[in-house]
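This report refers to the structure that appears directly beneath it.
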Amino acid sequence: MIGAASVQYDTISILTLPAFHWISVPNDPQNSRVGLSCNVVGGSQVLTIGGHDTNPKQFGDRTDREIIENSYNNPDPNAQGLAIFDMTNLTWSSQYTADAPQYEQSSPIKQFYAQAQQ
Amino acid sequence: MVVTILLATVVDNWIYIDGGEFSFLNNGTPNYVYCTDLPSDRSSFKPTDTSSLANTILSIDLSLSWTNSTVRIQSTAKPSNCPSLNGPSLWYNQEESVFYTGFAGWLPNFRNDDATMDPSIWTFEPDGTGSGAWNEIISSGASALRSLNRPEQAYQAFGGDSAWVLGGFDQYDPGQYPYTASMVHFNMSSRTFANLSTPTSLANSGAMDNGAMHYVPSFGPQGLFVVLGGDTIQKPEGLISFDTVAVFDPVKQEWWNQTTTGSPPTSRIEFCTAGINSTNGTYEM
């Protein structure tokens, strides 16, 4: 859904295989976004691109067009719609690093497999 | 600026971005740029800036470090009849170093309900500089596409030499239930399509949309596809819980439902997934 009745999320979850176990990542919710893309781009980095915040700041939407256009009126706080998430450290950055170190399991993942073996 | 409903794929130190819509402020006035224009007889709405429709593929160089505010996003024009859509297909065949696009997707959000386009299949061959060459390889009238309609909001993934499109919404369906309970397989080597039935064990027997299908290359003989989230439209409408994910083996073409443990995210649509092998033999997505 879009518009004032929609429910949106700014959360990160990890599904680890082969266990098929979900781990929720602590994420300071800043801006919910839908319709974004995310890709692994080297080392432990994920590049997120775009997404819009469909909670319109203006109420009184009437037409579909107004609702949709309002959702495009909330500027993306990420420059050019780009942000980098590090899967090893579970942190966000505005910087992409070429030739970055290889991904290693983050602490919550390591902890899960360690205790699963006990 | 806001950009949405795009799709991106990483190949050889470049990330390629296709489709979607975006808006930007021009002297305080919002401009809305849609992925493609509509024939004037099919839409009562015209984009505010028809000179800059997003009929391009974008790319970002990953061989150098950069900051989001200053990185240069490169733009390559598409031929005028090459589809630019929301939620597009962008499949990559590593063996031939070629992208395939044009099958799935939907028109700008302001379309009339009956505005639609037949799929056509195009290849994009990257040239290593962020740009590349376009070719139409299956036109919309070709027999290979005759029995297939363009799905919207479907689950899509590719791996090896295959692309898979699950569920979605069929604009052409004249009935009241246009949601597609099947999966389309595109073989990128033979460039042929096949329609596969989907099991009743899938949510709404596979008539589902707006979730993710994620290729996991490191498990199974030729990788596995994990299908998660999204929703089904069959009454009662329902978001698909992440408590269970569906798994597809592309070699045996078999499905099974996998119960998960831990803290699944709240059910939702229009999210994204990215995954990677760890140094410990696990895969995190």
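Convention: sequence-line order gives letters A, B, ...; per-chain numbering from 1. Note that this is a predicted model, so its numbers are computed, not measured.
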Report yes or no: do Thr260(B) and Trp22(A) form a side-chain donor-acceptor pair below 3.5 Å?
yes
With respect to chain A, which residue among Asn13(B), Val245(B), Val216(B), Val71(B) yields the maximal number of heavy-atom pairs within a distance under 4.5 Å?
Val71(B)
Option that, when pairs with chain A are counted at under 4.5 Å, heavy atom only, ranks first among Asn280(B), Leu62(B), Thr273(B)
Leu62(B)
Given side chains that start at C-beta, do those of Arg268(B) and Thr11(A) come closer than 4.5 Å, heavy atoms only?
yes
From Thr9(B) atom OG1 to Asn39(A) atom CG, the distance as rounded to the nearest 0.5 Å:
6.5 Å
Thr259(B), part contacting chain A, at a heavy-atom distance under 4.5 Å:
backbone
When the 4.5 angstrom heavy-atom criterion is applied to Gln102(A) and chain B, the contacting part is side chain
Side chains of Leu17(A) and Leu224(B), heavy atoms from C-beta outward: is any pair under 4.5 Å?
no
Measuring from Ile109(A):CD1 to Ser278(B):OG, what's the distance to the nearest 0.5 Å?
8.5 Å
Working note: Leu82(A) + Trp66(B), criterion side-chain contact (heavy atoms from CB on, under 4.5 Å); need CA distance, chi angles, decisive distance, verdict.
CA-CA 11 Å; Leu82(A) 306 172; Trp66(B) 45 258; 4.3 Å; yes
Measuring heavy-atom distances to chain B, does Leu15(A) have an atom under 4.5 Å in its side chain, in its backbone, in both, or in neither?
both
Working note: Ile60(B) + Val41(A), criterion side-chain contact (heavy atoms from CB on, under 4.5 Å); need CA distance, chi angles, decisive distance, verdict.
CA-CA 11 Å; Ile60(B) 300 175; Val41(A) 287; over 6 Å; no
Interface moiety of Ser63(B) toward chain A, non-hydrogen atoms closer than 4.5 Å:
backbone
Tabulate, in ascending numerical order, the residues of residues 84-92 of chain A having at least one heavy atom closer than 4.5 Å to a heavy atom of chain B, or enter 'none'.
Ile84(A), Met87(A)
Between Asn68(B) (side chain) and Ala83(A) (backbone), is there a donor-acceptor pair under 3.5 Å?
no
Looking at OG of Ser13(A) and CG of Leu228(B), how far apart are the two atoms once the value is rounded to the nearest 0.5 Å?
10.0 Å
Name the region of Asn277(B), side chain, backbone, both or neither, that has any atom closer than 4.5 Å to a heavy atom of chain A.
backbone
Donor on one side chain, acceptor on other, Thr279(B) and Glu104(A), under 3.5 Å:
no
Taking everything shown except Asp243(B) itself, do over 12 heavy atoms lie less than 6.0 Å from its CG?
yes
Side chain, backbone, both or neither: which part of Tyr283(B) has an atom under 4.5 Å from a heavy atom of chain A?
both
Set out, in order, the CA-CA distance, both residues' side-chain angles and the distance that settles side-chain hydrogen bond (donor to acceptor under 3.5 Å, both in side chains) for Ser65(B) and Gln95(A), then state yes or no.
CA-CA 7 Å; Ser65(B) 301; Gln95(A) 309 265 7; over 6 Å; no
Rounded to the nearest 0.5 Å, how far does CD of Glu284(B) lie from CD1 of Ile23(A)?
8.0 Å
Determine the minimum heavy-atom distance between Leu64(B) and Ala98(A), stating which atoms define it.
C-CB, 3.6 Å
Is the shortest heavy-atom distance from the side chain of Thr282(B) to the side chain of Tyr113(A) under 4.5 Å?
yes
Are side-chain N/O atoms of Gln80(A) and Ser69(B) paired as donor and acceptor at under 3.5 Å?
no
Proximal component of Val46(A), with respect to chain B [non-hydrogen, under 4.5 Å]:
side chain
Chain A shares the most heavy-atom pairs under 4.5 Å, among Cys272(B), Gly262(B), Gly87(B), with Cys272(B)
